[in-house]
Amino acid sequence: MLEIQRIRTEKESIIEGLKKRHFDASEIINDVLAADEKWRSEKAKLEDVASKMNLVSKEIGILFKQGKVQEANEAKSQTTVLKLEESTLKLSVDELQAQITELMYQLPNVPNELVKAGKSELDNETIEEHGSKVEFGFKALPHWDLASKYNLIDFELGVKITGAGFPMYIGKGAKLQRALINFFLDEADNAGYIEHQAPLVVNEASALGTGQLPDKEGQMYYMPEDDLYMIPTGEVPLTNIYRDVILPTEDFSIKITGYTPCFRREAGSYGSDVRGLNRLHQFDKVEIVRIEHPKNSNAALTEMINHVKGLLEKLGLQYRVLRLCGGDTGFAASMTYDFEVYSAAQDKWLEVSSVSRFDTFQSTRLKLRFKNSEKKSQLCHTLNGSALALPRIVAALLENHQTDNGIKIPEVLHPYLNFTKI
RNA sequence: GGAGAAUUGGCAGAGUGGUCGAAUGCACUGGUCUUGAAAACCAGCGUACCGCAAGGUACCGGGGGUUCGAAUCCCUCAUUCUCCGCCA
């Protein structure tokens, strides 16, 4: 959520910035400002009446104490009008407040100055590209064929037990999952991220805090009996650790990581995009999250990008880094870098990581602040990224490292496995 | 799942309808004293919003209600603890 103060003072630059998303904010912002102005004047009136009420009540108390019952009752009668006025104003103030909040929830984050205008993924900028195309001397198989050929993943079994998008990993397939999770966690640990094991189910306040609600309501599995949501990403529980927190000093840099399964409804997906491991309802991911002083968030972002690059290089995968255009950047992010690996047999790029900075967009909702040098509360910056999401990494590993007599496992994973080849 | 108790400022802990935003202690910050430190003493010490300011308003687990007035009474939800039941 954008800060209301910012909307008041930087109206034009916000509208201008949001154009890069092809989002016309002028109407919403004008509505916000109109409602905000009305809210302030109504609130001033309300507080004035409340102040009078408080005064009269105090007087009545004193009169009763002094035994002046008659005068006290007279004073009581004059509160009737005030009370009515107060309740009317209260209603109006609450209504305006709700109106403002609802409007504010519709405004996405303002893209960073580096972000280019654009409508869709077609407008994303490729920042860098590493590794080269694998040459096979034979007909390379897509990962779903390799998965069944080597009995690594049983998609039909997942369908039987749950439904499409919930694969069953078996034998070396399951071990490979475990190895990757441990590898990613160890790498994050080495980079100074504190490991967490978080709840996989969150309440509404948490989903609101990181911006999954109300923007992506349909994306999450919801359990109405208990009013809880299954997490679509580890970002939700990990960032919400710091909901309603004021860090005591401005000298902080919080780095946390965690492995979690992620659950996404992915309604409306279809075709080759969802084939095999390309898009699942349940998948595993190691997430890295940072809470930073605004002046450090840029450096933190760079560090995270380098971390993810390091992982992909160690796994020996061909990859490229994209800076998303305005239209493709997530609602809450001000800037996002996507990492895509090249899946050789499918002959397509697969997104395996998304590293984003949110500036104060999440911390506004989270009420995540720090005490600055003037002892004033100031909003923190939040950032997060996948490091990494497993399924598409597995897809690329299987496809790119296949040979005519098996699949080679990258060396960095050997310590985690009791085999080096599938 | 059943029964009971509780939830107050960073912590501990008073307050059961009226000058209560809230005693007191600890912690913390500044000062006096001291060669320095400790101790002692003095002073300060929550958050948010509105306002140029003076100031005002709200907040005693969350939400709602009663009342001129609620930390205090009522309803409801959540959480914690104790006992019973169940259980990896």
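Values reported hereafter were calculated over all heavy atoms of this structure, with side chains retained and with hydrogens, waters and symmetry mates removed. This is a predicted model, so every value here is computed, not measured. Here is the naming used below: chain letters follow the sequence lines, and residue numbers restart at 1 for every chain.
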Side chain to side chain donor-acceptor pair (under 3.5 Å) involving A/T364 - partner list, sequence neighbours excluded: none

Donor-acceptor pairs under 3.5 angstrom involving side-chain atoms of residues 26-35 of chain A: please list them, not counting sequence neighbours.
from, atom 1, to, atom 2, distance (Å)
A/S26, OG, A/D24, OD1, 2.7
A/N30, OD1, A/K11, NZ, 2.9
A/N30, ND2, A/S26, O, 3.1

A/R323 side chain to A/N124 main-chain N or O, any donor-acceptor pair under 3.5 Å? no

Hey, which of A/E292, A/E287, A/E303 is the one that makes salt bridge (Lys or Arg N to Asp or Glu O under 4.0 Å) with A/K255? A/E303

Can you find a side chain N or O atom of A/N54 that sits less than 4.0 Å from OP1 or OP2 on B/U57? yes

Non-hydrogen side-chain atoms of A/P111 and A/L18 separated by less than 4.5 Å: yes

Answer yes or no: is there a side-chain heavy-atom contact under 4.5 Å between A/L368 and A/L379? no

Euclidean distance for [atom1], [N] against [M] (whole angstrom):
{"N": "B/C28", "M": "B/G17", "atom1": "C1'", "result": "35 Å"}
{"N": "B/A23", "M": "B/U72", "atom1": "C1'", "result": "15 Å"}
{"N": "B/G10", "M": "B/A6", "atom1": "P", "result": "23 Å"}
{"N": "B/G25", "M": "B/U79", "atom1": "C1'", "result": "27 Å"}
{"N": "B/C75", "M": "B/A53", "atom1": "P", "result": "44 Å"}
{"N": "B/G9", "M": "B/A14", "atom1": "C1'", "result": "13 Å"}
{"N": "B/A88", "M": "B/A3", "atom1": "C1'", "result": "25 Å"}
{"N": "B/U67", "M": "B/A12", "atom1": "C1'", "result": "33 Å"}

Roughly how many Å is it from CD in A/E86 to P in B/G56, rounded to a whole number? 16 Å

Between B/G56 atom P and A/L46 atom CG, what is the distance in whole Å? 16 Å

Under the ring-ring contact (aromatic ring centres under 6.0 Å, His included) test, residues paired with A/Y337 that sit two or more places apart: none

ring-ring contact (aromatic ring centres under 6.0 Å, His included) partners of A/Y221, counting only residues at least two apart: none

Name each donor-acceptor pair under 3.5 Å that joins a side chain in residues 60-76 of chain A to protein atoms two or more places apart or in another chain, with its distance.
from, atom 1, to, atom 2, distance (Å)
A/Q66, OE1, A/K68, NZ, 3.3
A/N73, ND2, A/V69, O, 3.4

Expected rows: protein N/O vs nucleotides 73-78 of chain B N/O, under 3.5 Å:
none

Check this for me: does any side-chain nitrogen of one of A/K83 and A/E86 sit under 4.0 Å from a carboxylate oxygen of the other? no

Side-chain donor-acceptor distances from residues 163-183 of chain A under 3.5 Å, at least two apart:
from, atom 1, to, atom 2, distance (Å)
A/Q177, NE2, A/D284, OD2, 3.1
A/N182, ND2, A/R178, O, 3.3

Check the interface with nucleotides 47-51 of chain B: list each N/O to N/O pair with the protein under 3.5 Å, or write none.
from, atom 1, to, atom 2, distance (Å)
B/U47, OP1, A/K371, NZ, 2.7
B/A48, OP1, A/R369, NH1, 3.4
B/A48, OP1, A/S377, OG, 2.9
B/C49, O2', A/K43, NZ, 2.8
B/C50, OP1, A/R8, NH1, 3.2
B/C50, OP1, A/R8, NH2, 3.0
B/G51, OP1, A/R40, NH1, 2.7

Could you check whether A/D48 gets within reach of a base, just the sugar-phosphate, or nothing at all, counting any heavy atom under 4.0 Å? nothing

Identify all pairs in which a protein N or O lies below 3.5 Å from an N or O of nucleotides 60-67 of chain B, and state each distance.
none

Selection: residues 57-65 of chain A, any non-hydrogen atom under 4.0 Å of RNA chain B: A/S57, A/I60, A/G61, A/F64

Just wondering, are more than 12 heavy atoms of other shown residues or ligands nearer than 6.0 Å to [atom1] in [X]?
{"X": "A/D227", "atom1": "CG", "result": "yes"}
{"X": "A/E313", "atom1": "CD", "result": "yes"}
{"X": "A/E125", "atom1": "CD", "result": "yes"}

Output a table of donor-acceptor pairs, distance under 3.5 Å, between side-chain atoms of residues 48-59 of chain A and any protein atom two or more places apart or on a different chain; print 'none' if there are none.
from, atom 1, to, atom 2, distance (Å)
A/N54, ND2, A/A50, O, 3.4
A/S57, OG, A/M53, O, 3.0

With under 30° as parallel and over 60° as perpendicular, where do the rings of A/F331 and A/F361 fit, or are they tilted in between? perpendicular

Which of these, A/R392, A/E399, A/Q402, sits in a side-chain hydrogen bond (donor to acceptor under 3.5 Å, both in side chains) with A/H143? A/E399

So what is the 5' to 3' dot-bracket string for RNA chain B, if pairs are Watson-Crick or G-U wobble with both distances under 3.5 Å, crossing pairs use [ ] and | means the partner sits on another strand? ((((((((.[[[..)..(.....]]].(((((.......))))).(((((....))))).[[[[[..)....]]]]])))))))....

